[in-house]
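Structure first, then comments.
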Amino acid sequence: MKKLILLVVIGLGIVSCTTQKMKKNMTDLPKEWKHTTNIYEVNLRQYTQEGTFRAFEKEMPRLKSMGVKTLWFMPITPIAQLNKKGSMGSQYAAADYTSINPEFGTLNDFKHMVNEAHRLGFKVIIDWVANHTGWDHVWTKTHPEFYLKDLDGNFHRASGMDDIIELDYKNKEMRLAMIDAMKYWVKETNIDGFRCDLASWVEVDFWEQARPEVEKIKPLFWIGEFDELENPDYGKVFDASYSWKWMHKSEDYYKKNEPISELTDLLKKYSAIGDKSMRAWFTTNHDENSWNGTEYEKYGVITKPMAVFSATWNGIPLLYSGQELPNMKRLEFFEKDTIKWTNNYQEGDFYKTLLNLKSSNPALRGGDPNVITYLLNTTSNDKVLAYVRKNGKNEVLVVLNMSKEPVDFTIKDEHLSGTFTNVFDKMKRDFNSSKSFNFKVSDFAVFEK
């Protein structure tokens, strides 16, 4: 069988991994757009004062102009009231899998928004919470046998979360009902895929059963909340997964002053997975923002270099509501806490440049074995992350100051040559004549050839 070679260069050493073309699998459906897309997570409750589908529609032209390609909506189903948290409850504690949360509007409102999103060129995916429901989900009354039970016969509370109870995936009828509920949204509203909450908390064979059944309607995009380094079997089913290890390691790198080799060693491990699926890279999301702090609390002066990395490394950039402001506060999870929008989207152009580059330059295609990524050797390998991604004649060079201080350095690597254009200031630079940089704190540079 034909072999595909992925090369990753760390300093002066080359690490190679070989993957073989396998017979057609679940991620090989005709979704060419997945290689160039980005995902913008919509926290509908906090996005506008109204917190509705109709109100959010007014924001979509701005997001289209910013280069957003895929809109991911946090759960849109009704929230269970029994044992709910706070005054409004968690959107991840469903009361019914096939109804709309009245907080957001009506089913027709949602359909209208999806149609408008499609007209503007967006793809739309919705959050799917398969592991658990709220305590008074309709199934607790109609099908209590769908749930795990404790020894005393009561519903089994999910680990560490008092407002949700776990489903029993040994129950074949429950599985079929879950699949039917997923089909409902595809048939009824024409969504383009699912972001699967806590995907690895559900047996992988359920997803192997569900995906082909739901896709009898249309090809869909599936992103799972799991890290493929920890759950490799799930990568055979999902188009993309989370990079949790990277997120935690990069936070430790910044806060605990760990060596940058911790990051590059981890990138080697991610690259060794290959391109049968992709990773989603992010600096924040709904969980991180609410419970662990804003991206600025986590990453401080390397927040923007980390955002550049997320948009340019092999995979899919994942953004969260308000990053274009930027949002500097933790948003309440169980209460109304509207993002404090202004007419000044300070980081809007920053993300527009990155997202448009990701979508347009073949060297940044995610999950494409034709793209080769080289981590470059510099005179400051302990402070700088530099890499070039190549696809034929197309090249993108990324240089990031990952330290807390200014740094002067030179790239010393044979994989960088020729003239590039800086995507932010449009200035040309000939790297055959000089590869030196003078970076201030938080500096970064992105060039394309």
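Remark: Glu116 engages Arg119 in a salt bridge (Lys or Arg N to Asp or Glu O under 4.0 Å) (not counting sequence neighbours). For the side-chain contact (heavy atoms from CB on, under 4.5 Å) test, no residue two or more places apart in sequence or in another chain qualifies with Pro232. Take Tyr92 and apply the ring-ring contact (aromatic ring centres under 6.0 Å, His included) test, not counting sequence neighbours, and it matches His286. Partners of Phe194 by ring-ring contact (aromatic ring centres under 6.0 Å, His included), not counting sequence neighbours, listed by chain and number: Trp128, Trp222. Applying the side-chain contact (heavy atoms from CB on, under 4.5 Å) criterion to Thr342, with sequence neighbours excluded, gives Leu325, Asn344. Residues passing the ring-ring contact (aromatic ring centres under 6.0 Å, His included) test with Phe447, sequence neighbours excluded: Phe431. With sequence neighbours left out, Gln91 forms a side chain to side chain donor-acceptor pair (under 3.5 Å) with no residue at all. Partners of Lys390 under the side chain to side chain donor-acceptor pair (under 3.5 Å) rule, at least two apart in sequence or in another chain, do not exist in this structure. Residues passing the salt bridge (Lys or Arg N to Asp or Glu O under 4.0 Å) test with Glu57: none are found, sequence neighbours excluded. Among residues two or more places apart in sequence or in another chain, the salt bridge (Lys or Arg N to Asp or Glu O under 4.0 Å) test is passed with Asp368 by Arg365. Under the ring-ring contact (aromatic ring centres under 6.0 Å, His included) criterion, Phe334 pairs with Trp291, sequence neighbours left out. Qualifying salt bridge (Lys or Arg N to Asp or Glu O under 4.0 Å) partners for Asp205, counting only residues two or more places apart in sequence or in other chains: Arg175.
Of the charged side-chain nitrogens involved, none lies within less than 4.0 Å of a carboxylate oxygen, so that Lys255 and Asp252 do not count as a salt-bridged pair. Of the charged side-chain nitrogens involved, at least one lies within less than 4.0 Å of a carboxylate oxygen, so that Glu405 and Lys383 count as a salt-bridged pair. Contact check on Glu324 versus Arg62 returns a salt bridge, with a Lys/Arg side-chain nitrogen under 4.0 Å from an Asp/Glu carboxylate oxygen. By the 4.0 Å N-to-carboxylate-O rule, Glu347 lies close enough to Lys304 to be salt-bridged with it. Under a 4.0 Å N-O distance rule, the pair Lys84/Asp163 does not qualify as a salt bridge. A salt bridge links Arg330 with Glu297; the closest basic N to acidic carboxylate O contact falls under 4.0 Å. Between Lys435 and Asp430 there is no salt bridge, since no side-chain N of the basic residue sits under 4.0 Å from a carboxylate O of the acidic one. Residues Lys352 and Asp349 are not paired through a salt bridge, judged by the lack of any N-O separation under 4.0 Å between the basic side chain and the carboxylate. Salt bridge annotation for Lys111-Asp109: absent, with no cationic side-chain nitrogen under 4.0 angstrom from a carboxylate oxygen.
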- request: Show your working on salt bridge (charged side-chain N to carboxylate O under 4.0 Å, His left out) between Glu251 and Lys256 and close with a plain yes or no.
  value: CA-CA 8 Å; Glu251 183 177 4; Lys256 299 178 182 178; over 6 Å; no
- request: Give the C-alpha distance, both sets of side-chain angles, the deciding distance and a yes or no for side-chain hydrogen bond (donor to acceptor under 3.5 Å, both in side chains) between Ser359 and Asn356.
  value: CA-CA 5 Å; Ser359 299; Asn356 285 340; 5.5 Å; no
task: Could you go through the side chain to side chain contact (heavy atoms under 4.5 Å, CB included) check for Asn43 and Arg45 one step at a time?
output: CA-CA 6 Å; Asn43 185 337; Arg45 173 184 284 172; 3.8 Å; yes
message: I'd like to know whether Ile39 forms a side chain to side chain contact (heavy atoms under 4.5 Å, CB included) with Ile316, so could you lay out the CA-CA distance, the side-chain angles of the two residues, the decisive distance to 0.1 Å, and finally the verdict.
response: CA-CA 7 Å; Ile39 301 175; Ile316 297 178; 4.0 Å; yes
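The shortest side-chain heavy-atom distance between Asn422 and Val446 does not fall under the 4.5 Å cut-off. Residues Met178 and Leu167 meet the side-chain proximity criterion, which asks for heavy atoms closer than 4.5 Å. Between Val384 and Val399 there is a side-chain heavy-atom pair separated by less than 4.5 Å. Side-chain contact between Lys449 and Val388: absent, with no pair of heavy atoms (C-beta onward) separated by less than 4.5 Å. Inter-residue side-chain proximity for Trp281 and Thr312 is flagged as unmet; no heavy-atom pair is nearer than 4.5 Å. In this structure, the side chains of Phe53 and Val42 stay at 4.5 Å or more apart for every pair of heavy atoms. Side-chain contact between Leu355 and Lys69: absent, with no pair of heavy atoms (C-beta onward) separated by less than 4.5 Å. Phe437 has its side chain out of reach of Asp408: every pair of non-hydrogen atoms, C-beta onward, lies at least 4.5 Å apart.
Side-chain polar atoms of Asp192 and His118 form a donor-acceptor pair below 3.5 angstrom. A donor atom on one side chain and an acceptor atom on the other are not found under 3.5 Å apart for Tyr234 and Asp227. Side chain to side chain, Thr373 and Arg389 meet the donor-acceptor criterion of an N or O pair below 3.5 Å. If you check the side chains of Glu228 and Ser277, you find a donor sitting under 3.5 Å from an acceptor. Residues Lys428 and Thr421 have side chains that bring a donor and an acceptor to within less than 3.5 angstrom of each other. Side chains of Thr284 and Glu295: a donor-acceptor N/O pair is absent below 3.5 angstrom, by distance only. Side-chain atoms of Thr37 and Thr70 form a donor-acceptor pair, as typed in the model, at a separation below 3.5 Å. No side-chain N or O of Asn289 forms a donor-acceptor pair with one of Lys329 less than 3.5 Å apart. Side chains of Asn361 and Glu448: a donor on one and an acceptor on the other come within 3.5 Å. Counted by atom type alone, Gln323 and Thr283 present one or more donor-acceptor pairs between their side chains at under 3.5 Å.
Between the CD1 atom of Ile339 and the OG atom of Ser321 there is a distance of 5.0 Å, given to the nearest 0.5 Å. To the nearest 0.5 angstrom, Ser436 atom OG is 11.5 Å from Phe439 atom CZ. Between atom NZ of residue Lys440 and atom CG of residue Asp443 there is a gap of 4.5 Å, rounded to the nearest 0.5 Å.
Ring to ring, Tyr374 and Tyr387 are not that close: their centroids are 6.0 angstrom or more apart. Between Tyr299 and Tyr254, the ring centre distance reaches or exceeds 6.0 Å. Centroid-to-centroid, the aromatic rings of Trp246 and Phe309 come within less than 6.0 Å. Between Trp201 and Phe226, the distance from one ring center to the other does not fall under 6.0 angstrom. A centroid separation of 6.0 Å or more is found between the aromatic rings of Tyr351 and Tyr345. In this structure, Tyr40 has its ring center no closer than 6.0 Å to that of Phe122.
In this structure, His248 and Trp244 have parallel ring planes: the angle between them is below the 30° cut-off, well short of the 60° mark.
With hydrogens and angles disregarded, a donor-acceptor distance shorter than 3.5 Å links the side chain of Asp337 to the backbone of Glu332. Within the 3.5 Å criterion, the main-chain N or O of Val423 finds a donor-acceptor partner in the side chain of Lys426. Of the possible donor and acceptor atoms, one in the side chain of Ser250 sits under 3.5 Å from a partner among the backbone N and O of Met247.
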